[in-house]
Amino acid sequence: MPKITFISADGGQTEIEAKNGDSMMFAALDGHVKGILGECGGSLACATCHVYVDEAWADKLPPVSELENDMLDATACERQPNSRLCCQIEMSDALDGLTVTLPASQL
Ligand code: FES
């Protein structure tokens with residue numbers, strides 16, 4: 001099971017294990033990670049699952065779709081080059097060790 005480390009805006013770290021095939025958003029909700037809301041359930045309609053992906057992992061993730069790209073313009077905190085909506089990232093063993101930073105707010 002791949003592990004994900006979430007770093008909060010104040011520097012606190014939470015490590016969870018995800019099931020292969022689950023989105024990172026569902027894994028975060030299952031793991032009670034504070035700072036991921038996922039209000040739309042992963043249908044790319046809320047942008048409350050915004051994360052900043054650690055640079056080392058940027059090339060290992062699927063590309064940003066057109067719809068995700070549009071929704072990334074609606075995040076509560078400023079979009080950055082490494083911004084992703086984590087409901088669009090399917091977990092697999094290839095992503096074991098993935099590290100992301102949470103924005104200060106999702107709303
Ligand atoms: S959960 Fe709504 S866009 Fe990701």
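Basis for what follows: all heavy atoms, side chains included, without hydrogens, waters or symmetry-related copies. Order of listing sets the numbers, starting from 1, for every ligand and every atom in it.
Lys19 NZ: 12 or fewer foreign heavy atoms inside a 6.0 Å radius.
Residue Cys46 comes nearest to Glu39 through the heavy atom pair SG-N, 3.6 Å, listed as atom of the first residue, atom of the second, then distance.
Evaluated for a side chain to side chain contact (heavy atoms under 4.5 Å, CB included) with Met24, the options Leu85, Leu29, Ile4 yield exactly one hit, Ile4. Partner of Asn20 under the side chain to side chain contact (heavy atoms under 4.5 Å, CB included) criterion, chosen from Asp96, Asp93, Leu95: Asp93. Across Leu61, Val33, Leu98, Ile36, a single residue satisfies side chain to side chain contact (heavy atoms under 4.5 Å, CB included) together with Cys86, and that is Ile36.
Within the model, atoms CG of Asp54 and CD1 of Ile7 stand 7.0 Å from one another, a figure rounded to the nearest 0.5 Å.
The set of protein atoms (N, O or S) found at less than 2.8 Å from atom 4 (Fe) of ligand 1 reads Cys49 SG, Cys87 SG, by chain and number.
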